[in-house]
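Being a predicted model, the structure only gives us computed values, none of them experimental.
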Amino acid sequence: MVTILMATDGSEYAQAAAEHAIDLAKARDATLHVICVVDERRFDEPALSSAELATIYAEDHAAVCVTKVSEMAADTDVDVEGDTRHGVPHEVILEYADEVGADLIVVGEHGDHERHFSGVGQKVEALAECDVVVVEAAS
């Protein structure tokens with residue numbers, strides 16, 4: 001069985017990537033794994049009440065992002081498994097890809113950040129041991 005991993009952050013780019021990943025999973029009769037990473041560079045383990053609230057919000061947002069992709073696939077025969085994790089996004093995506101034995105990783109071209117930390121998609125594409133598709137958002 002083919003395994004596809006799709007990374008999401010809820011952005012319009014992730015939305016386009018999710019649509020593409022669902023189509024690929026359906027065409028290849030693949031299981032679709034979805035991950036959303038709470039970026040530890042912005043949301044570390046909380047120590048103060050304001051940091052704690054921000055982290056809780058980020059965790060809730062991550063869970064919503066994963067659920068949204070599952071809902072998008074609800075009318076298809078695609079099996080979707082989702083998870084949220086803390087860490088540096090490209091590192092966690094690559095670790096998760098290894099963990100689930102991903103044959104393909106699908107990511108959006110850009111992310112939804114207040115400031116752009118790095119090119120997550122570029123780093124995943126450069127470092128992944130499997131194929132990577134970087135999806136552009138519809139213009």
Side-chain angles (χ1 to χ4, degrees):
M1 162 97 33
V2 175
T3 301
I4 297 173
L5 171 60
M6 188 265 154
T8 184
D9 63 4
S11 67
E12 67 180 281
Y13 298 97
Q15 172 87 14
E19 291 169 2
H20 190 72
I22 292 166
D23 289 345
L24 287 171
K26 185 172 182 170
R28 297 180 183 189
D29 193 29
T31 298
L32 177 61
H33 288 265
V34 180
I35 188 160
C36 186
V37 181
V38 177
D39 194 327
E40 71 181 13
R41 297 169 296 181
R42 287 182 62 196
F43 304 102
D44 201 357
E45 292 302 316
L48 304 172
S49 62
S50 62
E52 185 173 57
L53 291 174
T55 301
I56 291 168
Y57 171 79
E59 291 169 344
D60 289 346
H61 176 73
V64 167
C65 291
V66 170
T67 299
K68 184 173 182 175
V69 176
S70 295
E71 290 171 351
M72 290 171 64
D75 293 336
T76 69
D77 291 330
V78 175
D79 291 327
V80 178
E81 297 182 23
D83 199 1
T84 61
R85 298 197 178 172
H86 283 252
V88 177
H90 76 275
E91 293 173 358
V92 174
I93 292 165
L94 293 169
E95 289 168 6
Y96 191 70
D98 286 342
E99 188 177 308
V100 299
D103 300 293
L104 175 68
I105 301 172
V106 180
V107 294
E109 180 182 31
H110 296 289
D112 185 20
H113 307 292
E114 287 180 18
R115 64 184 185 123
H116 203 359
F117 284 103
S118 63
V120 173
Q122 291 174 340
K123 286 184 177 179
V124 168
E125 189 173 35
L127 299 171
E129 295 181 8
C130 63
D131 291 333
V132 177
V133 174
V134 180
V135 179
E136 295 181 23
S139 39

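Contact record, Leu32 with Ile22: CD2-CG1, 3.8 Å, taken as the closest heavy-atom pair. Taking each heavy atom of Ala63 and Thr84 in turn, the nearest pair found is N-CG2, 3.7 Å. What you find for Ala7 and Ile93 is that their closest heavy atoms are CB-CD1, 3.5 Å. Taking each heavy atom of His33 and Thr3 in turn, the nearest pair found is CD2-CG2, 3.4 Å. The minimum heavy-atom distance between Ala17 and Val106, with the atom names listed, is O-CG1, 3.5 Å. Nearest heavy atoms, His86 versus Val92: O-CG2, 3.7 Å.
Val78 and Met72 fall within the same hydrophobic cluster, where Ile, Leu, Val, Met, Phe, Trp and Tyr residues are linked whenever their side-chain heavy atoms come under 4.5 Å apart, directly or through other members. Hydrophobic clustering keeps Leu127 apart from Val88 (ILVMFWY residues linked when any side-chain heavy atoms are closer than 4.5 Å, directly or through intermediates). No single ILVMFWY cluster, assembled from side-chain heavy atoms under 4.5 Å apart, contains both Val37 and Val64.
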Q: I would like to know whether His90 and Gln122 meet side-chain hydrogen bond (donor to acceptor under 3.5 Å, both in side chains); could you show each step before the answer?
A: CA-CA 9 Å; His90 76 275; Gln122 291 174 340; over 6 Å; no
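The salt bridge (charged side-chain N to carboxylate O under 4.0 Å, His left out) pairs that include a residue from residues 14-25 number zero, where partners must be two or more places apart or lie in different chains. Residue pairs meeting the salt bridge (charged side-chain N to carboxylate O under 4.0 Å, His left out) criterion with at least one partner in residues 66-84, sequence neighbours excluded, are Asp83-Arg85.
A distance-only check finds no donor-acceptor pair linking the side chain of His20 to the backbone of Val107 [under 3.5 Å].
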